[in-house]
Amino acid sequence: MTNLEGVRKYGARGDGDDGDDDHRHYADDDHHEVHEDREDRDRGGGGGRWKAMDSTDLRAYTPSPDDRQTRAERRAAGGGDKLAAVREVWDKWVERLPLLYNPGADVTVDEQLVPFRGRCPFRQYIPSKPAKYGIKTWVACDSKSSYAWKMQVYTGKATCGGPEKNQGMRVVLDLTQGLRGHNVTCDNFFTSYELARQLLTRNVTVVGTVRKNKPELPQALLASKDRLLFSSKFAFTPTTALVSYLAKKNKNVLLLSTLHTEAHVSRRQDKKPAIVLDYNSNKGGVDNLDKVIGTYSCRRMTARWPLVIFHNIFDVSSYNAFVIWRELNPTWMPGKRNKRRVFLEQLGKALVTPFIQRRARLPRTEASAALVKAVQRATYRDQPRRDHAPAAPDHAAPPAQAPNPAQPTNLGGNVIDTHMMAAAY
């Protein structure tokens with residue numbers, strides 16, 4: 001569900017307070033998308049659910065993604081901020097993410113690598129990722145829907161000083177700020193006993209794998225020789241549970257949990273503990289976000305890293321909008337498997353159509369010019385014909401106003417390629 005009440009509602013895990021078992025609610029219905037007209041350089045709002053704004057208001061509301069002439073000044077003013085090129089846009093966008101959607105009981109925290117091989121002061125190399133080179137971001141998303149709730153760009157080591165200590169714990173605490181009554185799932189880069197203790201002060205539990213070099217681990221859980229396959233060993237404190245599960249011969253995996261308080265083992269053939277099953281079911285939230293974004297993406301070849309981050313903003317925003325739309329309209333296109341593709345096509349048309357309607361000149365290509373003419377003719381037909389309308393009596397209602405340019409135009413049911421509409425724009 002989404003946040004129709006306009007407030008955040010968080011409750012304890014599974015307690016169903018406020019009369020709702022799902023703690024996600026929709027905050028506001030105002031989305032703002034910015035495009036730049038190639039003819040008059042005027043700015044405006046998109047169609048559909050996007051609110052139209054005056055060009056002056058839009059310039060004041062949305063800053064330019066990057067201005068090379070002032071980048072050095074902005075970086076110096078930010079204390080050597082490596083993300084100064086897009087810091088203002090990024091911060092404004094990140095502020096809106098948690099306002100539009102409240103995650104469910106389970107939240108996943110992991111890293112995302114946006115592919116990029118150009119010059120960037122904080123480009124990362126991660127051999128385990130398919131792209132290997134790119135810009136790394138920390139993401140906290142809903143485990144079920146993969147809605148990106150909070151994000152941070154990793155800009156590398158600080159310009160002064162050594163490497164950051166306890167970076168994984170700091171990232172999780174930052175990305176889960178504001179959550180209450182949720183469970184966080186993360187891998188062994190983030191999980192530690194100190195993280196679990198600090199999250200409990202916020203009424204947030206954690207389930208995650210643990211590296212074997214942690215000093216707080218008991219030696220009895222580290223040993224894996226002479227143990228039966230699929231065997232489990234548990235250790236408990238008043239607030240924390242540890243399990244050592246032998247998935248392969250002489251190779252065990254360690255998990256920490258503040259959500260589980262008993263040594264439950266499943267009746268499956270592999271005898272996996274409940275901690276392992278919960279971790280496996282919720283660990284892939286960010287990985288699924290990477291998969292769906294890679295399927296339909298607006299990324300283009302570029303040598304400028306600010307554009308790479310800007311493309312990722314559009315990709316994540318389009319998927320987040322799809323998650324909100326799907327939960328507001330659960331009966332939309334039942335049984336279909338191409339819902340996201342249809343949604344993106346309709347979204348693209350809704351955003352591009354208002355600019356085509358007010359375009360003064362025709363494009364050079366014949367197909368694009370024909371499309372512009374068709375959209376403008378359809379818009380003209382939808383407008384009221386006042387010259388042939390009968391005279392209204394004195395007590396009649398005022399004449400109807402012109403249609404809102406933010407509303408998408410009905411093209412008579414014809415299917416038009418979104419790429420062609422973008423070319424016409």
Side-chain angles (χ1 to χ4, degrees), residues 12-14 103-112 128-129 138-146 168-169 171-172 175-176 179 181-200 203-291:
R13 178 184 175 90
D106 296 294
V107 176
T108 306
V109 175
D110 205 348
E111 62 185 12
Q112 176 197 38
S128 60
K129 297 289 185 179
W138 311 112
V139 184
C141 70
D142 180 72
S143 299
K144 303 304 179 185
S145 64
S146 294
M169 181 176 67
V171 169
V172 175
L175 296 181
T176 58
L179 293 180
H182 293 72
N183 178 69
V184 177
T185 303
C186 50
D187 59 21
N188 56 23
F189 176 78
F190 306 94
T191 309
S192 65
Y193 181 77
E194 180 63 21
L195 171 66
R197 189 187 64 80
Q198 294 198 27
L199 287 178
L200 282 178
N203 194 21
V204 176
T205 59
V206 63
V207 175
T209 54
V210 184
R211 291 181 177 178
K212 298 179 181 180
N213 60 355
K214 297 294 183 180
E216 60 266 20
L217 295 177
Q219 292 296 325
L221 298 184
L222 297 177
S224 59
K225 292 185 178 180
D226 300 330
R227 283 181 54 181
L228 295 177
L229 189 64
F230 304 143
S231 62
S232 300
K233 287 185 178 182
F234 293 85
F236 295 94
T237 68
T239 59
T240 309
L242 284 170
V243 61
S244 173
Y245 175 67
L246 195 71
K248 298 180 181 180
K249 186 177 180 180
N250 297 331
K251 186 176 182 181
N252 63 337
V253 58
L254 301 174
L255 288 95
L256 179 146
S257 173
T258 55
L259 176 65
H260 305 80
T261 57
E262 297 180 0
H264 286 299
V265 178
S266 65
R267 297 182 179 180
R268 301 171 16 155
Q269 185 177 2
D270 53 10
K271 300 179 181 179
K272 287 185 177 180
I275 300 177
V276 177
L277 295 178
D278 285 348
Y279 174 78
N280 290 340
S281 61
N282 297 317
K283 67 178 181 179
V286 179
D287 294 335
N288 182 67
L289 177 66
D290 288 341
K291 184 185 71 174

Under the side-chain contact (heavy atoms from CB on, under 4.5 Å) rule, what do V206 and C186 come out as? Steps first, then yes or no, please.
CA-CA 8 Å; V206 63; C186 50; 4.0 Å; yes

Does the pair Q112 and W138 meet the rule for a side-chain contact (heavy atoms from CB on, under 4.5 Å), with working shown?
CA-CA 6 Å; Q112 176 197 38; W138 311 112; over 6 Å; no

I'd like to know whether K214 forms a side-chain contact (heavy atoms from CB on, under 4.5 Å) with S192, so could you lay out the CA-CA distance, the side-chain angles of the two residues, the decisive distance to 0.1 Å, and finally the verdict.
CA-CA 8 Å; K214 297 294 183 180; S192 65; 4.2 Å; yes

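A donor-acceptor contact under 3.5 angstrom links the side chains of S145 and D142, judged on distance only. Side-chain N/O atoms of T205 and N183 include a donor and acceptor closer than 3.5 Å. Donor-acceptor pairing under 3.5 Å is recorded for the side chains of D278 and H260. S146 and N288 share a side-chain donor-acceptor pair at under 3.5 Å.
Using a 4.5 Å heavy-atom threshold, the side chains of V139 and V109 count as separate. Under the 4.5 Å side-chain criterion, counting only non-hydrogen atoms from C-beta, K271 is not in contact with S232. Taking the side chain as every heavy atom from C-beta outward, D187 and E111 never approach each other to under 4.5 Å.
Under the rule for a side-chain hydrogen bond (donor to acceptor under 3.5 Å, both in side chains), N280 has no partner lying at least two apart in sequence or in another chain. Every residue two or more places apart in sequence or in another chain that forms a side-chain hydrogen bond (donor to acceptor under 3.5 Å, both in side chains) with R197 is listed here: E194.
Proximity of a side-chain donor or acceptor of S257 to a complementary backbone N or O of V207 within less than 3.5 Å is not detected. Judged by distance alone, the side chain of H264 and the main-chain N or O of P273 form no donor-acceptor pair under 3.5 Å. Looking only at distances, no side-chain donor or acceptor of T258 sits under 3.5 Å from a matching main-chain atom of A196. Proximity of a side-chain donor or acceptor of T191 to a complementary backbone N or O of T209 within less than 3.5 Å is detected.
In this structure, NZ in K251 is found 13.0 Å from CG in L229, a value given to the nearest 0.5 Å. A distance of 4.0 Å separates CG of D106 from CG of N282, quoted to the nearest 0.5 Å. Distance check, rounded to the nearest 0.5 Å: CD of Q198 to OG1 of T176 gives 10.0 Å. Between L259 atom CG and I275 atom CD1 the span is 8.5 Å, to the nearest 0.5 Å. Here L246 contributes atom CG and K233 contributes atom NZ; the two are 9.5 Å apart, rounded to the nearest 0.5 Å.
Under a cut-off of 6.0 angstrom, the local environment of NZ in K212 is crowded, with over 12 non-hydrogen atoms contributed by other residues, nucleotides or ligands. Other residues, nucleotides and ligands contribute more than 12 heavy atoms inside 6.0 Å of the NZ atom of K129.
The minimum heavy-atom distance linking F236 with A263 is given by the pair CZ-N, 3.7 Å. Nearest heavy atoms, L179 versus V204: O-CG2, 3.6 Å.
The pair R268-D270 counts as a salt bridge, with a side-chain nitrogen and a carboxylate oxygen less than 4.0 angstrom apart.
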Validation: residues 237-244 side-chain donor-acceptor distances under 3.5 Å, sequence neighbours left out:
{"residue": "T237", "atom": "OG1", "partner": "T239", "partner atom": "N", "Å": "3.4"}
{"residue": "T237", "atom": "OG1", "partner": "T240", "partner atom": "N", "Å": "2.9"}
{"residue": "T237", "atom": "OG1", "partner": "T240", "partner atom": "O", "Å": "3.4"}
{"residue": "S244", "atom": "OG", "partner": "L221", "partner atom": "O", "Å": "2.9"}
{"residue": "S244", "atom": "OG", "partner": "R227", "partner atom": "NH1", "Å": "2.9"}
{"residue": "S244", "atom": "OG", "partner": "N252", "partner atom": "ND2", "Å": "2.9"}

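When T185, V286, D290 are each tested for a side chain to side chain contact (heavy atoms under 4.5 Å, CB included) with D110, only one passes: V286.
Ring-plane geometry between Y245 and F230 is classed as parallel, the angle between the planes falling under 30 degrees on a 0 to 90 degree scale with a further cut at 60.
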